[in-house]
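First the structure, in the form of structure tokens, and then the observations on it.
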Amino acid sequence: MVAKEEPVKLRSGASVSGTWPAEPVVAKVEGDVEDAQQDAASESFDDADYKKRFPHIDEAKVVQKIDWHLLPVLCILYVLAFLDRVNISNATLFGLEEDLSLEGNQYNTALVIFFVPYIVFEFASNALLKHFKPHVWLSLCMCLFGLVTILQGLTKSFSGLVATRFFLGLLESGVFPGSFYLIAMWYKRAEAQKRYSFYFSSTTLAGAFGGLLASAIGKMDGMRGYRGWRWLFILEGTMTCVVSALFYFVISDFPEEATWLTDEEREFVKARLYADVGHSKRSDPLTLKGVLNVLMDYKIIAGGFMYFGLIVPGYGYAPLRPSMGMCLALAMIVGTVSDLFRHRFIFVLIPTAIAIAGFIILLAVHDNTKVQYAALFLSAMGVYAAEPIMICWFNTNHAIWIVHVLVVGAIIAIYAFLAKDAPRYTTGYGICIAFICISVVADFVYLWGLVSENMRRNQCALAYTHDEDVLTAEQKKGMGDLNPDYRYIL
């Protein structure tokens with residue numbers, strides 16, 4: 001029997017705090033009681049409702065189960081992708097530039113070409129992630145970029161290096177945004193930040209581990225006629241390919257497809273996510289109209305500039321490896337407290353202020369090594385702690401990705417610190433400070449946009465009292481963050 005759905009009236013009680021309205025929006029449904037129970041997960045936004053429907057489920061244990069099945073695998077995937085991306089800097093220490101006769105800015109060009117495919121193929125990659133199961137797409141990408149890394153170790157010329165870097169960028173284009181998207185499909189917005197921070201900060205392990213691994217592999221210089229830099233690419237690429245075969249079986253799919261959850265646990269996870277963000281958009285196709293609608297929203301533009309402003313200092317000035325542990329510690333502390341207070345803005349500003357203080361000291365002080373070293377820690381810690389909070393804030397509010405600003409920022413960053421500017425690097429530090437200031441301005445613009453929209457929706461909720469003025473529950477399901485009952489996290 002097909003249920004007949006009546007219009008839903010918007011009710012008062014909505015909050016600007018980023019949580020759902022205290023009084024739920026209810027749809028009047030007539031029809032088969034059994035059908036209504038099966039659809040209950042998609043008929044209510046009441047946070048308490050799903051807990052009442054699953055009284056025997058311990059939510060904390062389910063979330064912990066998700067953590068163990070999802071995060072370690074994605075972190076290892078990201079670490080290996082990051083290693084394959086940045087090991088070219090270690091390869092230069094073992095003769096890459098001499099063997100390939102690189103001159104002038106050819107090395108910088110090889111770095112830049114990696115980011116170009118991100119612009120062209122990122123949307124396609126995430127669309128394929130939605131079409132295929134995550135364990136298929138991500139493990140396939142992992143295997144292929146591992147293979148390209150091996151081929152990078154066999155290249156004979158600058159053109160060969162550029163070609164392999166291009167295809168490496170192509171195959172890695174969906175790893176970072178795809179992983180963030182998958183995390184967003186499993187966690188509520190108020191509990192996602194520390195997971196994002198942990199995933200994002202896993203690259204600090206790559207920064208520390210990559211140097212040690214390169215140092216060990218470099219000792220193979222001359223073995224079987226291969227230079228040390230070739231062995232670096234070959235062995236790290238081989239490791240990635242081997243791990244990708246294992247990950248085909250262990251990467252988690254979306255909640256409704258997870259085999260390691262019981263049937264009741266799968267329904268519980270779906271219900272708790274629906275209570276937080278409504279209908280899942282993962283099956284919706286990516287269209288040109290949808291892209292244009294995104295670009296017309298100034299909040300989206302502001303969110304892009306928030307991240308863009310931190311990409312340049314993050315990529316432009318590679319921090320010393322001893323700071324990596326402190327970067328991880330600060331990122332996890334700030335992320336955990338941010339989840340605790342269910343707030344993002346202040347916790348973006350605090351590490352951003354730390355970063356800009358560090359860069360100002362580096363710009364001004366040139367005769368005190370200890371102070372400069374301390375400033376290096378501040379700049380690295382601030383940038384690495386602010387970025388995941390910013391990405392989570394934006395991504396969980398809008399469920400879209402802003403990787404294109406990453407690409408543009410990374411290209412600028414590569415040319416910010418040039419050898420001719422050593423040892424003061426005045427231009428590079430000045431560029432970093434300027435872009436951080438752009439990020440801070442964008443933070444305030446984005447916050448203002450969220451507060452204004454939350455207040456407008458609260459006022460509309462009070463004003464709509466007639467059935468003809470409101471949307472049905474089914475219409476609201478497909479609106480995402482445009483749902484009038486949706487409140488942005490601040």
Side-chain angles (χ1 to χ4, degrees), residues 79-117 142-172 203-244 314-324 376 380 410-411 413-423 425 428:
V79 165
L80 291 177
F82 192 78
L83 275 177
D84 289 347
R85 180 192 313 176
V86 303
N87 59 10
I88 189 172
S89 60
N90 290 318
T92 60
L93 302 176
F94 300 104
L96 179 143
E97 291 181 283
E98 293 81 0
D99 287 357
L100 299 185
S101 302
L102 301 185
E103 299 176 351
N105 287 329
Q106 286 185 330
Y107 173 73
N108 296 73
T109 302
L111 297 180
V112 167
I113 201 67
F114 171 91
F115 294 101
V116 174
M142 187 178 184
C143 179
L144 292 177
F145 70 67
L147 178 61
V148 170
T149 301
I150 295 173
L151 295 177
Q152 193 172 219
L154 302 176
T155 186
K156 302 291 186 180
S157 63
F158 168 68
S159 59
L161 178 64
V162 169
T164 53
R165 293 292 295 178
F166 176 87
F167 284 104
L168 189 64
L170 166 64
L171 295 168
E172 286 194 21
T203 57
T204 61
L205 300 177
F209 174 70
L212 296 175
L213 183 62
S215 178
I217 296 177
K219 297 182 184 301
M220 297 175 64
D221 189 31
M223 186 177 294
R224 295 187 177 272
Y226 287 143
R227 294 292 306 275
W229 67 270
R230 294 188 184 276
W231 282 116
L232 180 64
F233 288 134
I234 292 171
L235 293 182
E236 289 188 358
T238 301
M239 177 174 62
T240 300
C241 290
V242 171
V243 174
S244 71
Y315 272 83
Y317 189 59
L320 292 180
R321 292 186 176 89
S323 66
M324 293 293 97
L376 175 64
I411 292 174
I414 288 172
Y415 292 100
F417 289 89
L418 300 176
K420 66 182 181 62
D421 296 328
Y425 294 108

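Summarising the geometry of Ser89 relative to Val86, their closest heavy-atom pair is OG-O, 2.8 Å, with the distance given to 0.1 Å.
With rounding to the nearest 0.5 Å, the separation of CD in Gln106 from OG in Ser159 is 10.0 Å. Remark: Glu236 CD to Gln152 CD distance equals 10.0 Å, nearest 0.5 Å. Atom CH2 of Trp229 and atom CD1 of Ile234 lie 8.5 Å apart (nearest 0.5 Å). Separating the CE atom in Met239 from the CG atom in Leu83 is a distance of 6.0 Å, to the nearest 0.5 Å. With rounding to the nearest 0.5 Å, the separation of CG in Asp99 from NZ in Lys156 is 9.5 Å.
When the side chain to side chain donor-acceptor pair (under 3.5 Å) test is applied to Ser101, no partner is found at least two apart in sequence or on another chain. For Phe114, the ring pair (Phe, Tyr, Trp, His ring centres under 6.0 Å) criterion is met by Tyr118, not counting sequence neighbours.
Between Phe233 and the options Asn90, Leu154, Ile88, a side-chain contact (heavy atoms from CB on, under 4.5 Å) holds for only Ile88.
A heavy-atom distance below 4.5 Å is not found between the side chains of Phe94 and Arg227. For the pair Phe145 and Cys241, the minimum side-chain heavy-atom distance is 4.5 Å or more. The shortest distance between side-chain heavy atoms of Phe158 and Leu100 does not fall below 4.5 Å. Between Thr240 and Thr149 the shortest side-chain heavy-atom distance does not fall below 4.5 Å.
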(request) May I have the step-by-step check of side chain to side chain contact (heavy atoms under 4.5 Å, CB included) for Asp84 and Glu172, ending in yes or no? (result) CA-CA 10 Å; Asp84 289 347; Glu172 286 194 21; 3.9 Å; yes
(message) Go through it in stages, so that I can follow the logic: the residues are Trp231 and Ile217, the test is side chain to side chain contact (heavy atoms under 4.5 Å, CB included), and I'd like the CA-CA distance, side-chain angles, deciding distance and then a yes or no.
(response) CA-CA 7 Å; Trp231 282 116; Ile217 296 177; 3.8 Å; yes
(request) In sequence, state the C-alpha distance, the side-chain angles, and the governing distance for Leu232 and Met220, and then conclude on side chain to side chain contact (heavy atoms under 4.5 Å, CB included). (result) CA-CA 9 Å; Leu232 180 64; Met220 297 175 64; over 6 Å; no
Compile the donor-acceptor pairs under 3.5 Å between side chains in residues 163-171 and protein atoms, sequence neighbours left out, one pair per line.
unit_1 : atom_1 : unit_2 : atom_2 : d
Thr164 : OG1    : Gly160 : O      : 3.1
Thr164 : OG1    : Leu161 : O      : 2.9
Arg165 : NH1    : Arg85  : O      : 2.9
Arg165 : NH2    : Arg85  : O      : 3.3

